[in-house]
There are 2 protein chains.
Amino acid sequence: MSTNPLLKGTLQTVILKLLEDHTEMYGYEITQKVKEISAGDVLLTEGALYPALHKLEADGFLETFTQIVDNRVRKYYRLTEQGGKEVTNKVTEAEAFIDQLQTLLSLKPAVK
Amino acid sequence: MSTNPLLKGTLQTVILKLLEDHTEMYGYEITQKVKEISAGDVLLTEGALYPALHKLEADGFLETFTQIVDNRVRKYYRLTEQGGKEVTNKVTEAEAFIDQLQTLLSLKPAVK
DNA sequence: TTATATACCTAACAAACTTAGGTATATAAA
DNA sequence: TTTATATACCTAAGTTTGTTAGGTATATAA
């Protein structure tokens with residue numbers, strides 16, 4: 001019943017931020033890290049994650065390389081130089097969004 | 001150029017919250033109130049607003065009545081009883097979303 | 001008479017999800 | 001041994017929710 005896009009358009013921002021903090025990650029690892037950080041509250045669906053990664057790569061923000069571990073393929077992602085700049089932009093945008101939403105919903109904890 | 005869904009899936013929540021605080025509002029008034037509260041940062045597009053209002057009404061969260069003012073029609077919206085409960089749900093959901101996003105982006109100001 | 005503000009609306013398109021599949025290997029449990 | 005779970009990648013159909021771009025109409029200021 002829950003039509004619940006958990007990250008509401010901020011998935012790209014979260015991915016970029018994780019890659020800023022962890023340098024190199026593969027898709028499955030990202031789902032686990034998000035689950036861990038959010039204490040199990042945010043469960044990325046693969047149908048959202050993989051297309052998002054491919055788009056970020058196509059846009060020039062990520063680059064990839066593959067490794068074989070235990071006979072299984074891992075596709076690692078890493079920020080490009082352009083991607084490094086984009087993290088800052090997207091995080092700033094997310095902060096503004098949170099700020100606006102808190103204002104509109106009267107959730108601001110204190111006066112700015 | 002800005003593909004900027006300013007409210008990223010929270011438009012319904014914002015509308016319901018405004019109607020909780022102001023009892024009765026019409027569409028155009030909502031756009032002006034959002035602009036005012038956000039200091040001009042959030043400009044609702046009518047193509048998003050009106051369908052959202054119609055959906056909230058169809059879902060039983062809002063009821064309407066019309067008034068003529070200066071020969072022009074105003075369609076007022078008001079929360080139904082069910083809508084009154086839904087505000088709480090949706091605002092709680094939005095708070096959780098903000099919290100999760102702040103955690104994932106390392107934006108949390110302090111430890112909880 | 002032209003532009004801006006007020007006031008409603010819809011339709012075509014795009015973005016970003018969910019849901020539901022598919023392929024394949026390693027390992028723990030029944 | 002076979003079944004389930006974890007690991008690891010992927011895509012396609014459908015839905016929701018927005019943008020963009022129109023349309024109609026009245027009041028008022030330039």
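Residue numbers begin at 1 in each chain, while the letters A, B, ... track the order of the sequences.
- For Gln82(B), there are no side chain to side chain donor-acceptor pair (under 3.5 Å) partners, not counting sequence neighbours.
- Here the shortest heavy-atom pairing between Gly27(B) and Leu53(B) reads CA-CD1, 4.1 Å.
- Rounding to whole angstrom units, CD of residue Glu29(A) and C1' of dA6(D) are separated by 15 Å.
- Looking at heavy atoms from C-beta onward, Lys90(B) lies in side-chain contact with Gln12(B) at the 4.5 angstrom threshold.
- In terms of position along DNA chain D, the nucleotide closest to Tyr76(A) lies nearer the 5' end than the nucleotide closest to the other residue of the pair Leu49(B) and Tyr76(A).
- Atom CD of Gln100(A) sits about 11.0 Å away from atom CD of Gln102(A), to the nearest 0.5 Å.
- A close approach under 4.0 Å does occur between a side-chain nitrogen or oxygen of Lys75(B) and OP1 or OP2 of dC9(C).
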Would you tabulate the nitrogen or oxygen pairs shorter than 3.5 Å linking the protein to nucleotides 1-3 of chain D?
none

Review point. Taking only Watson-Crick and G-U wobble pairs with both distances under 3.5 Å, what dot-bracket line describes DNA chain D, where [ ] shows pairs that cross earlier ones and | shows pairs with another strand?
Key: ||||||||||||||||||||||||||||||
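- Taking atom CG of Leu7(A) as the reference point, atom C1' of dT17(D) lies 16 Å away to the nearest angstrom.
- The interatomic distance linking Lys8(B) (NZ) with dT19(D) (C1') rounds to 14 Å, in whole Å.
- Straight-line distance from the CG atom of Leu6(A) to the P atom of dT16(D): 16 Å, rounded to whole Å.
- Nearest nucleotide to the side chain of Tyr50(B), out of dC8(C), dC10(D), dG18(D): dC8(C).
- Residues satisfying the side-chain contact (heavy atoms from CB on, under 4.5 Å) criterion with Thr66(A), sequence neighbours excluded, are Val73(A), Lys75(A).
- His54(A) has a side-chain polar atom (N or O) that falls below the 4.0 Å cut-off from OP1 or OP2 of dT11(D).
- Separating the CG atom of Asn71(A) from the C1' atom of dA24(C) is a distance of 10 Å, rounded to the nearest angstrom.
- With sequence neighbours left out, Thr45(A) forms a side-chain contact (heavy atoms from CB on, under 4.5 Å) with Ala48(A).
- Comparing Tyr77(B) and Gln32(B) by the nucleotide of DNA chain C whose heavy atom lies nearest to each, the residue mapping closer to the 5' end is Gln32(B).
- With sequence neighbours excluded, the residues forming a ring-ring contact (aromatic ring centres under 6.0 Å, His included) with Tyr76(A) are Tyr26(A), Phe65(A), listed by chain and number.
- Taking only side-chain atoms of Tyr28(B), from C-beta outward, the nucleotide of dC10(D), dG18(D), dA5(C) with the closest atom is dA5(C).
- For Glu20(A), the salt bridge (charged side-chain N to carboxylate O under 4.0 Å, His left out) test picks out Lys17(A), with sequence neighbours left out.
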**Study point:** Test side-chain contact (heavy atoms from CB on, under 4.5 Å) applied to Val91(A) and Leu107(B), step by step
**Key:** CA-CA 9 Å; Val91(A) 172; Leu107(B) 297 175; 4.2 Å; yes
Can you give me the N/O atom pairs linking the protein to nucleotides 28-30 of chain D at distances under 3.5 Å, or say none if there are none?
none

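- With sequence neighbours left out, the side-chain contact (heavy atoms from CB on, under 4.5 Å) criterion links Thr88(B) to Thr92(B).
- Across residues 33-48 of chain A, Glu46(A), Gly47(A) each have a non-hydrogen atom less than 4.0 Å from an atom of DNA chain D (numbered order).
- Distances were taken from every side-chain heavy atom of Leu11(A) (C-beta onward) to each of dA16(C), dC17(C), dT10(C); the shortest belongs to dC17(C).
- Put simply, CG on Asp59(A) is 14 Å from C1' on dA16(C), counting in whole angstrom units.
- Rounded to whole Å, atom P of dA7(C) lies 12 Å from atom CE of Met25(B).
- The side chain of Arg74(B) sits closest to dA7(C) out of dC10(D), dA7(C), dT17(D).
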Review point. Stepwise, does the side-chain contact (heavy atoms from CB on, under 4.5 Å) test hold for Leu19(A) with Arg78(A)?
Key: CA-CA 6 Å; Leu19(A) 284 168; Arg78(A) 169 166 59 200; 5.8 Å; no
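- When the C1' atom of dA5(C) is taken as reference, atom OH of Tyr26(B) falls 11 Å away, rounded to whole Å.
- Residues in residues 35-48 of chain B take part in these salt bridge (Lys or Arg N to Asp or Glu O under 4.0 Å) pairs, two or more places apart or across chains: Lys33(B)-Glu36(B).
- Applying the side-chain contact (heavy atoms from CB on, under 4.5 Å) criterion to Thr103(A), with sequence neighbours excluded, gives Asp99(A), Lys108(A), Ile37(B).
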Exercise for review: Show your working on side-chain contact (heavy atoms from CB on, under 4.5 Å) between Leu104(A) and Leu7(B) and close with a plain yes or no.
Suggested key: CA-CA 10 Å; Leu104(A) 288 169; Leu7(B) 292 176; 3.9 Å; yes
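- A donor-acceptor pair under 3.5 Å is formed between the side chain of Thr80(A) and the backbone N or O of Gly83(A).
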